[in-house]
Protein chains: 2
Amino acid sequence: MSDLARTARQRDADDPLASRRALFVLDDGVYLDGNSLGALPRSVPGRVEDVVRRQWGALRIRSWDESGWWTAPERIGDRIAPLVGAAAGQIVVGDSTSVNVLKALVGAVRMADDARDEIVVDATTFPTDGYIAESAARLTGRTLRPVRPDEVPAALSGRTAAVLLNHVDYRSGRLHDLPSLTAAVHAAGAIAVWDLCHSAGALPVGLDEHGVDLAVGCTYKYLNGGPGSPAYLYVRSGLQDRFDSPLPGWNSHAEPFGMREAYEPAAGALRGRVGTPDILSMLALEAALEVWDGVSIDAVRAKSLALTDFFLECVRAYVPEGRVESLTPVRHEERGSQVALRCAPDAGDVMKRLIGRGIVGDFRRPDVLRFGFTPLYVGFADVERAARVLAEELR
Amino acid sequence: MSDLARTARQRDADDPLASRRALFVLDDGVYLDGNSLGALPRSVPGRVEDVVRRQWGALRIRSWDESGWWTAPERIGDRIAPLVGAAAGQIVVGDSTSVNVLKALVGAVRMADDARDEIVVDATTFPTDGYIAESAARLTGRTLRPVRPDEVPAALSGRTAAVLLNHVDYRSGRLHDLPSLTAAVHAAGAIAVWDLCHSAGALPVGLDEHGVDLAVGCTYKYLNGGPGSPAYLYVRSGLQDRFDSPLPGWNSHAEPFGMREAYEPAAGALRGRVGTPDILSMLALEAALEVWDGVSIDAVRAKSLALTDFFLECVRAYVPEGRVESLTPVRHEERGSQVALRCAPDAGDVMKRLIGRGIVGDFRRPDVLRFGFTPLYVGFADVERAARVLAEELR
């Protein structure tokens, strides 16, 4: 056994989160793609079966009340809230991330002064955010201004209505400085909208503490909600009365069963709801969130950094010099919970071989191997093994 | 046994669709709320369990390819297509009905001449359609003009960009004349958008035959997809190249995994997709659609009309004169698959008592008892019993 393997074994023994692994369905491989699709929590299958057979099959429409279907979007929003540093009453779950980006951005522009004619967006963003931002700009008669995150402060002006940023870059794993960027957006008098897809569940976000205005995120990565599980929308409580949604569906009405001809928005986070909630997926997510009971997100962050540090250490020790290059920032304050390794020209082929040997990561074109480290179910021995197998494949 | 009960028994014996009932999970009551939430098809629970345990739990991200997750929206759209008279390649499943109404209406306005500045909408519509139509008008700089469906032909003009209509009114059950209204919209040079929530799966729609431009519908009523299951969007093939979505999410990109900075829409129905599809709900729907294998929608329509005719006959025979008033049109060509009975002033209380006796319908404020007749699992004896119990409660 190598020194690094011994170190891994000791760290797993000392890991206060190690027992969480038993809450997930895993095999004997190493799953480093939880930042794409989280592993299945053991609490989910039984709950889904109950939702299908008893709640739908036997109770049918009575379940809208009796099984709490109708209030699921805000109830599950409140369950996510502590994971992203939000007090209750500010998050609703529902729709896809893309749809929530439209709600958030159009809503943000409508909160801003009419004279502000620009939406600033992270030019390196996950593509859908950029496409939807362009649509939001077009629908509100604004101009879209794509800039790199480090250029944001200089791009802000009295023309800026809203800014859409990613907390963690999906490709490089770079963590952006949410507190200082939010402060800069506010100093310019604009509205700050954050995409938390790659940070929620992996590190502290501090939405309330840092005064974020609106935020969106998915639930199928670090929150383990299942494939395409519903996304969420955060609207800061102080702004909810001014939130004017481009999707004012009947679920966001002050009196949804009044069947009123005139629209009157509900108070609070409910205003972010749209149509009938997708119950199967939503209640699967609710069951999946049980794995967070009693978990401190600071402990998750500490382990996440230890895992990525250790992976980089193992890669340095095992992989031939120059064969890969880490795109992931060395400084902890700039690192999310993933490691991206440039591996030209054969990254796609290398990832296929790794997957064939049970080490599951992601290939991102053109030349990136992406490994996600989910602190609730990845351990240090997994990390050492992944680096070792990678090195074998690259030799 | 009364004459009507004997008639019911004979009709059930002669019913070519009677065997379908065994494909659903039902109890010993009478479920007349399938136009709100369809009953659970027996094919669903096992499928959902496989999706959760094997596809998600064991295969994880491999399922995006290996389990056909990625292509589910268009594959399931093609399964719905014959039920609404559409050729393949024109329907995608995903998002809620409300979200699809926004896509359809903004898309429709963008297909129309810029000089056309009005969106005409059914003023008696299910509220969410009206709210979203108002939002679509605001986002595209048009004026919303709500009119009653019978006033639509007179309201059309060179100013009309798009018209949003319901095939069947959710309250009264009135079936609107889709062929002639669509023709009138086209004669005025406008785009016709239909909401099929209360018709798809209950009667022939004939989207292609009648030249409908865009349509939306839910899948949790007559299509039995489960609570809040994803809705669908139809874009006529001849218009797909001009369909310009307000929700151009990455799933609608010509090369979604190219992660391109610039948006380039996919060809065909795929253009109506937005974000990552909600797999659990979507594949539950796919399993639910198996109950339609080998079913002719004309046979469904014939039975639906026979059921509603027979219900009205039983109500006339059993219920004291003047105690209820049918709001449902007498003429078949104006009738959907439900019967709405005005029952003042105690409709809410009456429905509670009916439900307590196993006859499940819906109360719609202020004074309507609404009964939905789902031809795949409601029989004539159910209908006779429902009318008999109603009469007992009203005496």
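Order of the sequence lines fixes the chain letters, A, B, ..., with proteins taken first and strands second; residue numbering starts at 1 for each chain. In what follows, every heavy atom counts, from backbone to side chain, and hydrogens, waters and symmetry copies are set aside.
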For the candidates [options], which exhibits the highest count of non-hydrogen atom pairs separated by less than 4.5 Å from chain A?
{"options": "B:T125, B:V99, B:T128", "result": "B:T128"}
{"options": "B:P248, B:G249, B:G275", "result": "B:P248"}
{"options": "B:A262, B:P366, B:C218", "result": "B:A262"}
{"options": "B:P41, B:G225, B:S36, B:A231", "result": "B:G225"}
{"options": "B:Q55, B:R171, B:R138", "result": "B:R138"}
{"options": "B:V274, B:D362, B:I132", "result": "B:I132"}

What part of [X] lies closer than 4.5 angstrom to a heavy atom of chain A: side chain, backbone, both or neither?
{"X": "B:N100", "value": "neither"}
{"X": "B:R260", "value": "both"}
{"X": "B:P277", "value": "backbone"}
{"X": "B:R47", "value": "neither"}
{"X": "B:V360", "value": "side chain"}

I'd like to check the side chain to side chain contact (heavy atoms under 4.5 Å, CB included) partners of A:E264; sequence neighbours left out, ordered by chain and number.
A:H253, A:A254
Measure the [atom1]-[atom2] distance between [X] and [Y] for me, rounded to the nearest 0.5 Å.
{"X": "A:I279", "Y": "B:Y220", "atom1": "CD1", "atom2": "OH", "value": "10.5 Å"}
{"X": "B:E261", "Y": "A:Y131", "atom1": "CD", "atom2": "OH", "value": "9.0 Å"}
{"X": "B:D95", "Y": "A:L247", "atom1": "CG", "atom2": "CG", "value": "9.5 Å"}
{"X": "A:R365", "Y": "B:E255", "atom1": "CZ", "atom2": "CD", "value": "5.5 Å"}
{"X": "A:R273", "Y": "B:S96", "atom1": "CZ", "atom2": "OG", "value": "11.0 Å"}

Do side-chain atoms of B:W250 reach the backbone of A:D129 as a donor and acceptor pair under 3.5 angstrom?
no
Taking side chain as everything from C-beta outward and backbone as N, CA, C, O, which of these in A:V101 sits under 4.5 Å from a heavy atom of chain B? Side chain, backbone, both or neither.
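For A:V101, neither part sits under 4.5 Å from chain B.
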Sub-4.5 Å heavy-atom contacts with chain B: which residues of residues 59-68 of chain A show up?
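A:R60, A:I61, A:W64, listed by number.
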Among B:T276, B:L280, B:V52, B:D278, which residue satisfies the side-chain contact (heavy atoms from CB on, under 4.5 Å) criterion with A:P227?
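For A:P227, the side-chain contact (heavy atoms from CB on, under 4.5 Å) test succeeds with only one of B:T276, B:L280, B:V52, B:D278, which is B:L280.
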Give the member of A:G130, A:A39, A:P146 that has the highest number of heavy-atom pairs under 4.5 Å with chain B.
A:A39
